Amino acid sequence: MDLELVIAVLVTIGFLVGIRLMQSPETALWGNRLGAASMAVAIVFAFHLTGTGLSAVAYLAVGALAGIVIGQKVRMIQMPQTVALFNGLGGGASALVAATAMAIEGTGATAVVLSTAALALGIGVLTFSGSVVAALKLQAWISQRPIVLKGHGVILALLLLAGIAAIALLIAAPVGGLRVAIVVLFAAYGVLMALRIGGADMPVVISLLNSFSGVAAAVSGMAVGNPLLTGVGALVGVAGMILTQVMCRAMNRSLAAVLSGFTVKATPERSAAAGGAAAARGAAAYDGATPAGGAADSVRSADSAGRERTRVTENDLIPLLQQARKIVFVPGYGMALAQAQQSVRTLANALERDGKEVSFGIHPVAGRMPGHMNVLLAEAGIKFRKMRDMRLINPEFAETDVVIVVGACDVINPAAATAEGTPIYGMPVLHAAEAKAVVVCNLDEKPGYSGVDNSLYHQEHVITLWDDAKESVSRITRDYRNARAAMTASRPASERPAAAQIESAREFASVLREAKRIIVVPGYGVALAQAQEALKTLMDILESHGKELTIALHPLAGRILGHLPFLLVDIGVELEKFDFLSNVNPRFAHADAALVVGACDITNPAAMDPGDGQPAPTPALRVADAKRVLVCNFDDRPGPSGLPNPLYAGSNVTVFWGDAARALPLITEHYLEASSTTNA
């Protein structure tokens, strides 16, 4: 078999496997690496085939440097327009390949070369011009609203027909002027197509243009006889089109409706099915929406069981959070604009620290590109397992105590079931309105891109905080913590932490905040105090702040072999974080901090050299080698060995004596306060 074909197949398979791996957060990093490696192989092989000189390598170096700079400089909120621009550059590159192929072949080009090159030229130019307009819209350098010209649809149809005619004429008579005509016609088509599409439909446009860039690459590969370019381009084209269809289904709109700028009305049956139970009830459960966008009158609403809701006000917000057991955050593009994801994470951590179940409901088109919200939240340190897509989270809203909306509008608007003749009609939405209480942290009550007023805002069980989302969420966090502190202060003296414990908690927080590499050493005291959940909460928060965590396990840490690992895995701690005695001991010398929780003998330096000729009971973990040691034990009494632990008197050791289940939340609280003060 021809070597070029073999390499093309292997590289294409590499890309295919990489895409498959990127479908899961757990394997996405490896999928990205595999894709990058496959691309590197493709580039090197292309150089080998063409015998490219040093000048081309220099150009490649310039492009690589530009890519690295852009990747480092672009903020996450700018990623959608960056992806749109990269789609355009891919289409433009394919157009250049096609134009070069036609120039090299000249008048002797075959019909196959001319037809494929001309088609690649047209699709590539369309992708480039459309992507540039999409990027400018997303960057708000031009209006994000649909820009519709008089006779817009007719103009686009004429441009498309003229472009196809130019391609046909070029095949019959390869005249240079026809190539220019193809470029002009398809570039104009791409510009006018993107101008007519509003910001709400931009996720679909980005996916579609991504597909176009792949198609352009595949067709240009046919023009130059390169199976590698054809195979990889076809793969990108198919993947982009699948994602486009997924986005369209999420909006309950056809691709034709999105591209034409017209709204395809859904039938009442389809609307009910798409909108779920909330949409089916319509005005019976929600206040009516006015299609023209006028504010609807407030009426008393009912939950999914038909029970009358209780009116709530801003004064009820903190008591609602204190009493809640299940809380769902609903992020939207406003969260990205306000850069509020870090504040959201801080509030979520504070709520989880008190034992509340916290999750995140993600609508497929909540951001400006597929997965935008997921990546923003992950960047802030929120675990992927807490992010639930619309299909999974919608059935849970009826059992949710509080929904906290952060910068979202259209994706939670119940008017999607009733506002006929509007872009939002029939679109599946998150059923946030079904929760027992809803808190909206949006900039204002203006409609979203759909132009439809959000009827949720006027319901009895909704609290609206009109302000910058970052400020609103931070204020909620501050008030919640103050209320918790006041509650702690009101407890009997016997239940309050002692002054020495508070001081130790502050010292722990200071050390953990400065540390980069932390080794956690759990012992049997964790099981006795039932402190594993509190420990995991602290570890999750540390990881979300970029700390490198390792869990050091001693074979005798529990009462049977494997006791501690099972206890921690049972609450969701990943196995990859565990490291055992022989492997982890050399790492303590490089650790910024060792956090000992409920462990004595397994950390006792005397266990390795008890003196007086006594045999060493067991090898111990060398926690004393760490730069700082934080010991959170019930007291300083010896463990079952009876040997006093000299570790506690070390100059680099800070101790916290007390029940770990109560000590760890106090340490976590002081750590979060120290971190929020630093960030502010």
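FYI, side chains are in, hydrogens and waters are out, and symmetry mates aren't considered; it's all heavy atoms of this structure. The model shown is predicted, which means the values in this text are computed figures rather than measured ones.
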| said: For Leu377 and Ile362: C-alpha separation, side-chain torsions, deciding distance, then whether side chain to side chain contact (heavy atoms under 4.5 Å, CB included) applies. | reply: CA-CA 10 Å; Leu377 294 173; Ile362 313 293; 3.8 Å; yes
Notebook entry, point to check: If you measure from the Lys or Arg side-chain nitrogens to the Asp or Glu carboxylate oxygens, is any gap between Asp479 and Arg475 under 4.0 Å?
Noted result: no
Check whether any side-chain heavy atom of Phe45 lies under 4.5 Å from a side-chain heavy atom of Val11, and answer yes or no.
no
Output for pair (Ile382 CD1, Asn349 CG), nearest 0.5 Å, gives 7.5 Å
Checklist entry - For atom CD of Glu357, is the number of surrounding heavy atoms from other residues, nucleotides or ligands below 6.0 Å larger than 12? => result no
Checklist line | Sidechain N-carboxylate O distance under 4.0 Å for Glu574, Arg385 | finding: no
TODO: Given side chain to side chain contact (heavy atoms under 4.5 Å, CB included), test Asp601 with Leu556 step by step and report yes or no.
DONE: CA-CA 9 Å; Asp601 284 342; Leu556 303 180; over 6 Å; no
Looking only at heavy atoms, the pair that brings Ala606 and Leu643 closest together is O-CD1, 4.2 Å
- request: Indicate yes or no for a side-chain donor-acceptor contact from Arg622 to the backbone of Phe588 under 3.5 Å, with no hydrogens or angles considered.
  value: no
Under a 3.5 Å distance rule, please check whether Ser504 uses its side chain to pair with a backbone N or O of Ala500 as donor and acceptor.
yes
Determine whether a donor-acceptor pair (N or O, by modelled atom type, separation under 3.5 Å) exists between the side chain of Asn210 and the backbone of Asn87.
no
With a 4.5 Å cut-off on side-chain heavy atoms, are Pro331 and Val344 touching? no
Only residue of Val631, Ile519, Leu621, Leu630 satisfying side chain to side chain contact (heavy atoms under 4.5 Å, CB included) with Val596 is Val631
Note to self: Between Glu396 and Arg388, does the side chain to side chain contact (heavy atoms under 4.5 Å, CB included) criterion hold? Intermediate values first, please.
What the structure shows: CA-CA 10 Å; Glu396 299 183 15; Arg388 315 287 300 284; 2.8 Å; yes
Scanning both residues in full, the closest heavy-atom pair of Ala378 with Met387 reads N-CE, 3.6 Å
Checklist line | Contact check, side chains of Phe634 and Leu528, non-hydrogen atoms, under 4.5 Å | finding: no
Heavy-atom closest pair (Arg481 atom, Leu672 atom, distance to 0.1 Å) is NH2-CB, 3.1 Å
Checklist entry - So do Phe397 and Val330 actually touch side chain to side chain, heavy atoms under 4.5 Å? => result yes
**Message:** Between Asn604 and Leu647 (side chain of the first, backbone of the second, donor and acceptor by atom type, cut-off under 3.5 Å), is there such a pair?
**Reply:** no
Would one find more than 12 heavy atoms of other residues, nucleotides or ligands at under 6.0 Å from atom CZ of Arg20? no
CG (Asn583) and CG (Leu553) are apart, to the nearest 0.5 Å, by 11.5 Å
- Message: For His590, is there any backbone N or O sitting under 3.5 Å from a side-chain donor or acceptor partner on Asp625?
- Response: no
* Hey, does the side chain of Lys547 reach the backbone of Leu512 with a donor-acceptor pair shorter than 3.5 angstrom? -> yes
- Query: Given side chains that start at C-beta, do those of Leu465 and Ile476 come closer than 4.5 Å, heavy atoms only?
  - Reply: yes
Any donor-acceptor pair under 3.5 Å from Gln501 side chain to Trp657 backbone: yes
Next item on the list: Take Tyr480 and Leu351, measure what side chain to side chain contact (heavy atoms under 4.5 Å, CB included) needs, and give me the verdict at the end.
Entry: CA-CA 9 Å; Tyr480 180 80; Leu351 295 168; 3.8 Å; yes
Other residues, nucleotides and ligands only: do more than 12 of their heavy atoms fall within 6.0 Å of CZ on Phe580? yes
Between the CD1 atom in Ile13 and the CG atom in Leu235, the distance rounded to the nearest 0.5 Å is 11.0 Å
Pair Asp401 + Lys326: basic N to acidic O under 4.0 Å: no
With distance as the sole test, does Asp592 use its side chain to make a donor-acceptor pair with the main-chain N or O of Lys516 at under 3.5 Å?
yes
Q) Should Tyr333 and His372 count as side-chain neighbours, where that means a heavy-atom distance under 4.5 Å? A) yes
- Message: Run Arg628 and Glu514 through salt bridge (charged side-chain N to carboxylate O under 4.0 Å, His left out) and show every step you take.
- Response: CA-CA 11 Å; Arg628 293 294 302 271; Glu514 296 298 327; over 6 Å; no
Original post:
Around atom CZ of Phe578, are there more than 12 heavy atoms of other residues, nucleotides or ligands at under 6.0 Å?
Top reply: yes
Salt-bridge contact Asp635-Arg637 (side-chain N to carboxylate O under 4.0 Å):
yes
Original post:
With the threshold set at 4.0 Å, does a side-chain nitrogen-carboxylate oxygen contact exist between Glu543 and Lys383?
Top reply: yes
Smallest heavy-atom separation, Pro80 atom then Ile206 atom, equals O-CD1, 3.8 Å
With side chain to side chain donor-acceptor pair (under 3.5 Å) as the criterion, how do His670 and Arg513 come out once you've worked through the C-alpha distance, each side chain's angles and the decisive distance to 0.1 Å? CA-CA 10 Å; His670 281 278; Arg513 187 167 59 82; over 6 Å; no
dist Cys600:SG -> Asp636:CG (nearest 0.5 Å) comes out at 9.0 Å
Closest non-hydrogen contact found for Val406 with Ala469 is CG1-CB, 3.9 Å
d(Leu60 CG, Leu65 CG) to nearest 0.5 Å is 11.0 Å
Distance col, row Ile68:CD1 vs Lys73:NZ, nearest 0.5 angstrom, shows 13.0 Å
Exercise: do Thr550 and Asp579 side chains pair donor with acceptor under 3.5 Å:
no
**Message:** Do Leu581 and Pro555 make a side-chain contact, defined as non-hydrogen atoms from C-beta onward lying under 4.5 Å apart?
**Reply:** yes
- Side chains of Cys632 and Val655: does their closest heavy-atom pair fall under 4.5 Å? no
- Message: Main chain of Ile541, side chain of Ser544: is a donor-acceptor contact present, judged purely on distance under 3.5 Å?
- Response: yes
Closest non-hydrogen atoms of Ala624 and Asn652, given as atom of the first, atom of the second and distance, are O-ND2, 3.5 Å
task: Look at the rings of Phe656 and Phe508 and say which category their plane angle falls in: under 30° parallel, 30 to 60° tilted, over 60° perpendicular.
output: perpendicular
| field | Lys356 (side chain) donor-acceptor with Ala324 (main chain) under 3.5 angstrom | value | yes
